[in-house]
There are 2 protein chains.
Amino acid sequence: MERVSIKTIAEQLGISVTAVSLVLNGKERGETSGRVGKEMAEKIRQAAREMNYEPNNLARGLKMGRSETIGLVIADISNLFFANLAFHIQEHAEKFGYGVIITNTNESDLKMEKMTKILERRQVDGFIIVPTEYGEPYVRNLTRRNIPVVLIDRYYPKLNVSAVVIDNYKASREITNNLVESGCRHIGLIIYKSALHHMKERKNGYVDELKDHGLFNPSLIKEVSYSYLSEDIDIAIESLLMKDETIDGIFFATNTLSLMGLKRMLHADPQALSKIKVASFDKSDAFDFMHVTIPYIQQPIPEMGKSAVELLMKQIKTDDKEAVTIKLQAQLEYNKV
Amino acid sequence: MERVSIKTIAEQLGISVTAVSLVLNGKERGETSGRVGKEMAEKIRQAAREMNYEPNNLARGLKMGRSETIGLVIADISNLFFANLAFHIQEHAEKFGYGVIITNTNESDLKMEKMTKILERRQVDGFIIVPTEYGEPYVRNLTRRNIPVVLIDRYYPKLNVSAVVIDNYKASREITNNLVESGCRHIGLIIYKSALHHMKERKNGYVDELKDHGLFNPSLIKEVSYSYLSEDIDIAIESLLMKDETIDGIFFATNTLSLMGLKRMLHADPQALSKIKVASFDKSDAFDFMHVTIPYIQQPIPEMGKSAVELLMKQIKTDDKEAVTIKLQAQLEYNKV
DNA sequence: CTGAAAGCGCTTACAG
DNA sequence: CTGAAAGCGCTTACAG
C-alpha cells in the first residue's frame with residue numbers, strides 16, 4: 001500500500017505527470033497550458049479513482065505559494081462566544097476549500113505573538129484574529145508585510161486593518177436605555193478593566209446614556225481584571241449589593257461576567273433579581289432559567305464569521321489590501337421567561 | 001521585503017544551504033551529518049535573526065513526510081463539552097510542537113468521511129476523532145493504512161483502534177444509584193436514540209442498576225433523535241411529566257439533553273424540580289442556578305485531551321501501532337446550591 | 001569542517 | 001495534443 005502520487009499514476013499509464021496534473025485539476029482544456037485528449041482524460045480520472053489517489057496539499061501549497069489555510073487566533077475556544085464564532089468561520093471557510101487552524105491566546109499578548117509566528121511558519125494564507133490587549137504590534141507586524149488579516153469582535157482604532165465588529169457603543173446605549181425605560185435609576189456596570197477599544201465603547205455607551213438621563217454615578221462602575229476574575233467579581237457584586245442599597249439595575253459587559261455575576265448575586269441574595277434588573281452583552285444558557293426578563297445584546301455570530309471569511313478571501317485572492325471595517329447590527333433580545 | 005529562505009541566508013553569507021539548515025536545526029554537531037564551525041554557526045544564527053527568517057513548515061513537512069499537524073474531527077465545536085476537549089487537545093499538542101486543524105461533523109457520518117479525506121490531503125500526521133454513528137468504515141479505512149488514529153469520548157467496540165474514554169456503564173450505574181439512594185422510585189431516562197456504544201452503555205448502566213433495585217420500567221426510557229432534538233425532547237418531557245404522575249427522577253444522558261430538558265420541564269411546571277430529582281451526564285452552566293441539588297457525571301476533560309494527544313504521539317513517533325484503550329475515571333459531582 | 005546534489009509531490013511555462 | 005524540465009523551500013546521504 002504505497003503512497004500514490006501523480007507520478008505513480010503517470011507511470012502506470014505510461015504518460016507524463018503534466019497530463020495527470022492537468023486533468024486532475026480540471027485544466028485539460030486550458031488556453032495557455034496544454035490540452036489532453038478526451039479519452040486520455042477519462043482514463044486518468046479512472047486510474048486516480050482506482051488507485052485511491054489523494055493529492056498532497058503540502059506539495060501543492062509549496063509550489064503555489066498558497067496553503068489554503070486560515071489561521072484563527074482567538075482568546076479561548078472553550079468560551080461559548082468564541083466557539084460559536086469558530087464554528088461559523090470554519091463552516092464558511094470550507095466553502096472556499098479552506099481549512100482553519102485554531103489557536104488560543106488566553107487574552108495574552110505574548111501568546112498572540114507566539115501564535116501568529118507559529119501560524120506564519122505553517123504558511124497560512126491569512127489570519128482572522130480576535131486581538132488581545134496590547135497585541136497591536138503583532139498585528140501591525142503582519143499587515144506591514146502585506147499578509148492578509150481580518151480582526152474580529154474587536155479592533156485597534158489606530159490601526160488600519162480590516163475588521164468585523166458590531167457597534168458596541170450603540171448596543172451599549174440601547175441596552176442601558178432599556179434598563180432606564182423599565183424603571184431603573186441606579187444602574188451598575190460590571191466590565192473588564194481593559195484598554196481594548198470595544199470595552200471602552202461599551203463603557204462609554206453606558207456612561208453617555210445614563211448622563212443623558214441624568215442618572216450617571218461613576219461609583220457604580222466596577223472594573224474587574226481578567227486575571228483575577230472570580231475574586232474581582234465577588235468584590236464588585238458585594239460592593240454593589242451591600243454598600244449601595246439603592247441599586248436597581250446591573251449591566252454586565254460580557255456573557256462570562258453575567259454568568260459569574262449572577263451566580264454571585266443569587267448566592268448573596270436569592271431574591272436579588274426581584275429587586276435588581278439585570279442586562280448583559282451576549283446570551284448565557286442560564287438566562288432561560290431566571291424567572292425575570294433579562295435583556296441582552298445578541299451579536300450576529302454567523303454573519304460575523306461569514307463576513308470575516310469573505311473579507312479575508314478578498315484580500316487573499318486579489319491584491320486589494322484596502323482596510324474595510326464592517327459594523328454589523330446587534331439585536332436587543334430577551335430570554336424566555 | 002522578499003521572502004527570506006534558507007537559500008537567502010546562504011547566499012548572503014556565501015556558504016551552502018546545508019550549513020544553514022544544519023545550524024538552524026541545531027544539528028551542527030551531528031554524528032552522521034556534517035558539522036559546522038562554532039563561529040560560522042553563530043554567524044548563521046545571527047543572520048537568521050537579523051533577516052527575520054521563519055522556516056517554511058510546508059517545505060519541511062513535504063521533505064520529512066511529517067506535517068506536525070493533528071487532524072481533530074469532532075461533532076460540533078460549539079458544544080461546550082467538545083470545545084473544552086478541543087482546548088485541552090490543543091494546549092497539549094502545542095507542547096509537542098504540533099498544530100491542530102479542527103473540523104466538525106455535526107454527527108454526520110458523511111461529513112466524517114469528507115473531513116478525514118480533507119485532513120489526509122493536508123498530510124496530518126494523525127487523527128483524534130470523536131466518531132459518529134455509522135462512521136466505523138471511515139476509521140477503519142485510516143487504520144488499515146496504518147495512519148495513526150485515536151478515538152476520543154466514544155469508540156467502536158469491534159474496531160481495534162486506540163481510544164480514550166470513560167467507563168460510561170459504571171458512571172451511569174453510579175448516578176442512577178445516586179437517584180435511587182435519594183429516594184427516587186420512578187426514574188425516567190432521556191437519551192439519544194443511537195447505535196453508538198457509549199450511549200448504549202449509558203442506557204445499560206441505568207437499566208441494570210434499576211433492575212438490581214427492582215425499579216426498572218422500560219416505558220420510562222425516552223429516546224430522542226439528534227435530528228429532531230427539540231421536538232423529541234418536548235414530547236419526551238411531556239410524556240414523562242404528564243402521563244406518568246408518579247415520576248420522581250429523570251436522568252439526562254448528556255448536557256445538551258439536560259439543558260433542553262430542564263427548560264422544557266420548568267416551562268411545563270415551574271415547581272417540577274421540587275417533585276422530580278434530576279441527574280445528568282456532564283455539567284451545564286444552568287445547574288448552578290437551580291435551587292435543588294443536581295448530581296452529574298464530571299468527565300476528566302483535561303486528562304482525556306492529554307491522554308489522546310500522548311497516545312497519538314506515541315503512534316506517530318514510533319511504529320508501535322498497537323491499539324490501547326484508556327478508560328479514565330469520571331467523578332460524580334454536584335452543583336452548588 | 002563544508003558543499004553539491006537529489007528528492008519530497010506538486011504546477012506550469014516552454015518546447016515540440 | 002503531449003512531455004521534459006524547472007522550481008517551490010526544505011533535509012540529508014554522499015563526497016570531498
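A, B, ... follow the sequence lines: proteins, then strands. Residue 1 opens every chain.
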#### Entry: Inter- and intrachain pairs under salt bridge (charged side-chain N to carboxylate O under 4.0 Å, His left out), touching residues 80-92 of chain A, at least two apart
Glu91(A)-Lys111(B)
### Query
Relative to the 5' end of DNA chain D, which residue comes earlier, Ala19(B) or Ala59(B), by the nucleotide with the nearest heavy atom?
Ala59(B)
#### Entry: Atom-pair distance (CZ on Arg66(A); P on dC8(D)), nearest Å
17 Å
### Query
Within the structure, does a side-chain N or O atom of Asn25(B) lie under 4.0 Å from either OP1 or OP2 of dT11(D)?
yes
## Note on the structure
The nucleotide from dT2(C), dT11(D), dG9(C) with an atom nearest the side chain of Lys63(B) is dT11(D)
### Query
Separation of Asn56(A) atom CG from dT11(C) atom C1', in whole Å?
13 Å
### Task
Can you sort out the partners of Asn104(A) under side-chain hydrogen bond (donor to acceptor under 3.5 Å, both in side chains), two or more places apart, ordered by chain and number?
Gln90(B)
## Note on the structure
Residues at least two apart in sequence or cross-chain that pass salt bridge (charged side-chain N to carboxylate O under 4.0 Å, His left out) with Arg122(B), listed by chain then number, are none
### Task
Please work out which residues in residues 6-17 of chain A have a non-hydrogen atom less than 4.0 Å from an atom of DNA chain D and list them by number.
Ile15(A), Ser16(A)
### Message
From CZ of Arg122(A) over to C1' of dG9(D), roughly how many Å is that when rounded to an integer?
### Response
16 Å
### Task
Check ring-ring contact (aromatic ring centres under 6.0 Å, His included) between His197(B) and all other residues, then give those that pass, not counting sequence neighbours.
Tyr155(B)
### Message
From CG of Leu62(B) over to C1' of dC8(C), roughly how many Å is that when rounded to an integer?
### Response
4 Å
### Task
Between dT12(C) and dG16(C), how far apart are the C1' atoms? Round to whole Å, please.
16 Å
### Query
Is a salt bridge present between Glu68(B) and Arg121(A), judged by a nitrogen-to-oxygen distance below 4.0 Å?
no
### Whole-Å distance separating the CG atom of Leu58(A) from the C1' atom of dT11(D)
14 Å
### Task
Mind calculating the distance between CG (Leu24(B)) and P (dT11(D)) to the nearest angstrom?
8 Å
### Task
Taking only Lys NZ, Arg NE, NH1 and NH2, and the carboxylate oxygens of Asp or Glu, determine whether Arg49(B) and Glu42(B) approach each other closer than 4.0 Å.
yes
### Message
Below the 4.0 Å mark, does dG9(D) have OP1 or OP2 next to a side-chain nitrogen or oxygen of Arg60(B)?
### Response
no
### Query
What residues, two or more places apart in sequence or in another chain, satisfy salt bridge (charged side-chain N to carboxylate O under 4.0 Å, His left out) together with Lys95(A)?
none
### Task
In whole angstrom, give the distance that lies between atom CG of Asp125(B) and atom P of dC8(C).
18 Å
### Ser78(A): partners by side-chain hydrogen bond (donor to acceptor under 3.5 Å, both in side chains), with sequence neighbours left out
Asp76(A)
### Message
Below 4.0 angstrom, which residues in residues 45-53 of chain B have at least one non-hydrogen atom near DNA chain C?
### Response
none
### Query
Which residue pairs pass the ring pair (Phe, Tyr, Trp, His ring centres under 6.0 Å) test when at least one of the two sits in residues 42-89 of chain B, sequence neighbours left out?
none
### Message
Quick check on dT11(D): is either OP1 or OP2 less than 4.0 Å from any side-chain nitrogen or oxygen of Ser21(B)?
### Response
yes
### Message
Classify Ser5(A) by what it touches in the nucleic acid, base, sugar-phosphate, or nothing, heavy-atom distance under 4.0 Å.
### Response
sugar-phosphate
### Task
For the side chain of Met64(A), starting at C-beta, report the closest nucleotide among dG3(D), dG9(C), dT12(C).
dT12(C)
### Query
Between Lys114(A) and Glu94(B), is there a side-chain N and carboxylate O pair less than 4.0 Å apart?
yes
### Task
Could you list the residues that satisfy side-chain hydrogen bond (donor to acceptor under 3.5 Å, both in side chains) with Ser162(B), not counting sequence neighbours?
Gln315(B)
### Query
Among all residues two or more places apart in sequence or in another chain, which pass the salt bridge (charged side-chain N to carboxylate O under 4.0 Å, His left out) test with Lys7(B)?
none
#### Entry: Rounded distance in Å - CG (Leu22(A)) to C1' (dT11(C))
9 Å
### Task
For DNA chain D, just give me the dot-bracket, please: Watson-Crick or G-U, both distances below 3.5 Å, ( ) intra-strand, [ ] crossing earlier pairs, | paired with another strand, . unpaired.
|||.||||||||.|||
